[in-house]
Each structure stands twice: as structure tokens, then as C-alpha cells.
There are 2 protein chains.
Amino acid sequence: MSEEIHQAETVGADRDPVFSKCAQSADDATAGALPPALDRDQAPRNLAFLLSQVGIHASRRFAERLAEVDLQPPHFRVLNLVDAAEGRSQQEIAAAVQAPPSRMVAFVDELERRGLVERRADPRDRRVRALYLTAAGREALAQGREVARRHQEELTQGMSEAEQQQLTDLLRKVVDEQKIGAGVHPGFGSKDLSR
Amino acid sequence: MSEEIHQAETVGADRDPVFSKCAQSADDATAGALPPALDRDQAPRNLAFLLSQVGIHASRRFAERLAEVDLQPPHFRVLNLVDAAEGRSQQEIAAAVQAPPSRMVAFVDELERRGLVERRADPRDRRVRALYLTAAGREALAQGREVARRHQEELTQGMSEAEQQQLTDLLRKVVDEQKIGAGVHPGFGSKDLSR
DNA sequence: TATTGTTATACTCTATAACTATA
DNA sequence: TATAGTTATAGAGTATAACAATA
């Protein structure tokens with residue numbers, strides 16, 4: 001996974017006396033679990049680290065919330081894409097999410113099993129399986145989008161409208177500058193972020 | 001993993017005629033691989049999606065670069081932490097990176113095999129294995145940090161100093177507000193981000 | 001001969017739980 | 001009895017390559 005810790009500099013002075021005290025103090029089931037020398041309270045000022053840290057947190061949190069409506073991120077993504085372009089072949093959708101065909105099969109299997117998506121024959125080419133949403137699929141998609149709405153609300157807690165706009169603009173600048181495909185999310189698997 | 005696509009709205013109008021044209025156009029080995037209906041060029045304005053997208057991109061890119069000096073993110077992280085607090089026990093370090101003891105063993109095994117880290121006996125408790133960097137370990141750590149420096153440089157390409165500061169401040173605000181532990185990076189594995 | 005969808009398979013990463021040696 | 005470290009193991013997620021039907 002990921003970005004790294006450049007916070008090392010501030011640490012390393014104190015040692016065992018402080019540590020043993022801390023390790024046994026009563027009220028630190030969560031926070032105080034780390035010895036103080038490793039539990040720096042100074043937030044890293046490192047931009048790359050922050051981006052990675054916040055991004056992964058956001059992704060993971062979203063996966064958690066999505067699970068509440070029985071969806072995993074890849075499934076939600078496929079639903080979105082099928083909705084965006086109904087009647088496309090499985091592999092067209094797969095290409096759009098950058099998933100190999102074999103993975104797509106598994107996802108569609110699952111979605112079809114749950115009655116959210118339909119595979120229909122394409123009269124013009126009997127090899128392809130055209131994908132369509134069912135009514136239940138639209139319902140699930142709506143639920144997922146509601147989760148996404150709440151997720152974003154949570155994520156922007158404590159930020160003013162202006163700040164949100166600023167952050168959005170800056171991030172979009174990065175996407176642009178780094179030539180990350182506009183709507184393409186790197187990493188398709190759900191495990192990636194929900195671990 | 002992850003954030004989701006709310007870009008669906010803009011799509012779905014055109015269909016096969018446009019698509020077949022696009023699929024065959026010559027100069028789109030990369031970009032034009034997607035049918036236009038799925039290849040929206042409008043960047044998403046969704047903040048949660050952007051955070052996840054950029055964060056994962058950053059993490060993955062960092063893992064790639066780190067590989068150039070034969071390090072994986074978890075190894076680099078462990079090196080950083082050992083450097084920050086030499087002489088700590090394996091499990092203390094493990095706790096600091098939120099890794100289960102069994103994973104830590106594997107990482108330290110690898111680092112020791114490569115001569116970057118030493119396990120020493122602790123005279124006060126013969127169960128613990130105190131961790132120390134070797135000279136080679138310090139060298140590797142320095143290389144990793146240099147990679148991190150270049151990585152950040154790449155990531156902030158095209159941004160003014162002021163913009164970088166703005167972005168840093170905003171992200172730090174999110175870390176604070178979301179109660180993500182300051183220096184704690186969610187997700188320890190390297191696979192997460194390099195897939 | 002190439003392509004769509006499918007299956008089989010192998011590989012990696014991960015956590016859990018059992019085990020040992022010390023305490 | 002509890003803890004530091006280790007090992008064994010099983011599960012999830014992933015990609016690759018072989019395959020069948022169709023073009």
C-alpha cells in the first residue's frame with residue numbers, strides 16, 4: 001500500500017521509563033497503545049503522505065458504508081456503468097472499469113444472482129451478453145448513491161462551502177497534471193481499500 | 001476498493017454508430033479504447049471520489065518508484081519506524097504500524113535477510129527481539145526518503161507553493177476532522193496500492 | 001483466424017490460531 | 001497465567017491462460 005512516514009525526525013529521544021508508564025496507564029485502550037516515542041501527535045506536513053492517507057481512508061470508509069446496503073465497491077461501480085450505458089457487452093463495461101474479462105464474469109454472476117442485472121442476448125452478435133439493469137438493480141443503485149451522498153457529507157464535515165470548493169479545485173488540478181484519467185479510478189478491487 | 005462513479009448522468013445518449021467509429025480510430029491505443037459513452041472527459045466534481053482517486057494514484061505511484069530502490073512500502077515504513085525508535089521490540093513496532101505480529105515477523109525476516117535490520121537480544125527480557133538498523137539499513141532508508149522527495153515533487157508538479165500549502169492545510173483539516181490518527185497510515189500492505 | 005465470454009488454476013497478501021520460550 | 005515471537009494454515013482477491021461458441 002502506500003505512502004510513507006517522514007515523521008521519524010521528531011522521535012527517538014525518550015525511551016523505556018516513559019514508555020512503561022504509558023503502556024500501563026489506564027485510559028489509553030486505543031490511543032495510548034503506542035509508546036509515546038512512536039505516537040507522535042504532530043500531523044505530518046508531507047503532502048504526498050497526506051494525499052495517500054486521506055484517500056485511502058476515504059475509500060475504506062466508503063466501502064464500509066456501502067456494505068450496509070450489501071454492495072461492494074466493484075459491484076456499485078459496475079451498476080453505475082451499466083446504468084450509464086445499458087445494452088453494452090460485458091467486455092465493454094469491463095474495459096471501462098479496467099477489469100480483466102474473467103473478473104467481470106464473477107461480478108456479473110453475482111449481480112445477476114441477486115437479480116440486479118440481466119444478461120441478454122444480442123441479436124447482432126450471438127457471442128455477446130448485453131447488460132441491463134433490473135428494477136431491483138436501479139433500486140440498489142439508488143441506495144448506493146444515497147450512501148455516497150452521506151459519505152461525502154461525512155467526509156466534508158467541518159469544512160465550509162468555500163473550502164470544499166478549494167479542495168475540489170486543487171485535487172482536480174492534480175488529476176489533470178498527473179494525467180490520471182478523468183473518471184477512471186485506479187484500482188478496481190474492493191479489498192484494496194477495505195482491509 | 002473504493003470511491004465511486006457518479007459521472008453516470010452525463011452518459012448514455014449516443015450508442016453504436018459513434019462507438020464503432022471510435023473503436024477503430026487509429027490514434028487511440030490508450031485513450032480511445034473506451035467507447036465514448038463510457039469515456040466521459042468531464043472530470044468528476046465529486047470530492048469524495050477525487051480524494052480516493054488521487055490518494056490511490058499517489059500511493060500506487062509511490063510504490064512503483066520505491067520498487068526502483070528495491071523497497072516495498074511496508075518495508076520502508078518499518079525502516080522508518082525502527083529508525084525513529086531503535087531498540088524497541090518487534091511487537092512495539094508492529095503495533096505502531098498496526099500490523100499483526102505474524103506479518104511483522106515476515107517483514108523483519110526479509111529486512112534481516114537483506115542485512116538492513118538487526119534483531120538483538122534484550123538482556124532484560126529474553127523473549128523480546130530488539131530491532132536496530134544496520135549501516136546498510138540507514139543507506140536504504142536514505143534512498144527511500146530520496147524517492148519520497150522526488151515522488152512529492154512529481155505529485156506537486158504545476159502547483160504553486162501557495163497551492164501546495166493550501167492543499168496541505170485542507171487535507172490536514174480532513175485528517176483532524178475525521179479523526180484519522182495523525183501519523184497513522186490506514187492500510188499497511190503494499191499490494192493495496194500497487195495493483 | 002480473431003473475439004466473447006467462461007472456466008481452471010496458480011499466486012499473493014492477509015489474518016487467525018496453535019505453538020515455544022520465556023516471564 | 002500471560003506475553004514475545006514464530007509457524008502453519010486457510011481464506012480472499014487477483015491475474016493468466018486454456019477453452020467453447022461464434023464471427
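When reading the values below, keep in mind they use all heavy atoms of this one structure, side chains included, and skip hydrogens, waters and symmetry mates. Not measured: the values here are computed from a predicted model. Chain letters run A, B, ... following the sequence lines, proteins first and then strands; every chain starts at 1.
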Please report the distance, rounded to the nearest Å, between [atom1] in [X] and [atom2] in [N].
X: B/R124; N: C/dA23; atom1: CZ; atom2: P; answer: 13 Å
X: A/Q72; N: D/dA12; atom1: CD; atom2: C1'; answer: 10 Å
X: A/M104; N: D/dA15; atom1: CE; atom2: P; answer: 14 Å
X: A/R88; N: C/dG5; atom1: CZ; atom2: P; answer: 13 Å
X: B/R129; N: C/dT20; atom1: CZ; atom2: P; answer: 17 Å
X: A/F107; N: C/dG5; atom1: CZ; atom2: P; answer: 16 Å
X: A/R120; N: C/dT4; atom1: CZ; atom2: C1'; answer: 19 Å
X: B/D109; N: D/dT7; atom1: CG; atom2: P; answer: 7 Å

Salt-bridge criterion met for A/R60 and A/E64 (N-O under 4.0 Å):
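A/E64 and A/R60: not salt-bridged.
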
Between the side chains of B/R150 and B/E154, is the shortest nitrogen-to-carboxylate-oxygen separation below 4.0 Å, so that they form an ion pair?
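Salt bridge between B/E154 and B/R150, a charged N being under 4.0 Å from a carboxylate O: no.
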
Look at the aromatic rings of A/F62 and A/H151 and report parallel, tilted or perpendicular, splitting at 30° and 60°.
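A/F62 vs A/H151 ring planes: tilted.
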
So, is B/R126 near the phosphate of D/dG5, with a side-chain N or O under 4.0 Å from OP1 or OP2?
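No.
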
Can you find a side chain N or O atom of A/R119 that sits less than 4.0 Å from OP1 or OP2 on C/dT6?
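A/R119 to C/dT6 OP1/OP2: side-chain N or O found under 4.0 Å.
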
Please tell me which of the listed nucleotides, D/dT6, C/dT6, C/dC13, lies nearest to the side chain of A/Q90?
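Among D/dT6, C/dT6, C/dC13, the one nearest the side chain of A/Q90 is C/dT6.
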
Which nucleotide in the set D/dT6, C/dA15, C/dA8 lies at the smallest distance from any side-chain heavy atom of B/P101?
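The answer is D/dT6, which lies nearest to the side chain.
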
Test A/R138 against A/E86 for salt bridge (charged side-chain N to carboxylate O under 4.0 Å, His left out), laying out the working first.
CA-CA 12 Å; A/R138 284 181 215 290; A/E86 271 194 322; 3.0 Å; yes

Going by the side chain to side chain donor-acceptor pair (under 3.5 Å) test, name the single residue among B/Q166, B/Q165, B/K173 that passes it with B/D169.
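Single side chain to side chain donor-acceptor pair (under 3.5 Å) partner of B/D169 among B/Q166, B/Q165, B/K173: B/Q165.
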
Quick check on DNA chain C: between A/R127 and A/V105, whose nearest nucleotide comes earlier from the 5' end?
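Its nucleotide being nearer the 5' end, the pick is A/R127.
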
Sugar-phosphate only, base, or nothing, as touched by A/Q91 at under 4.0 Å among non-hydrogen atoms
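Base, at least one base heavy atom under 4.0 Å.
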
Whichever of A/P123 and B/S89 has its nearest DNA chain D nucleotide further upstream toward 5':
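In this pair, the answer is B/S89.
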
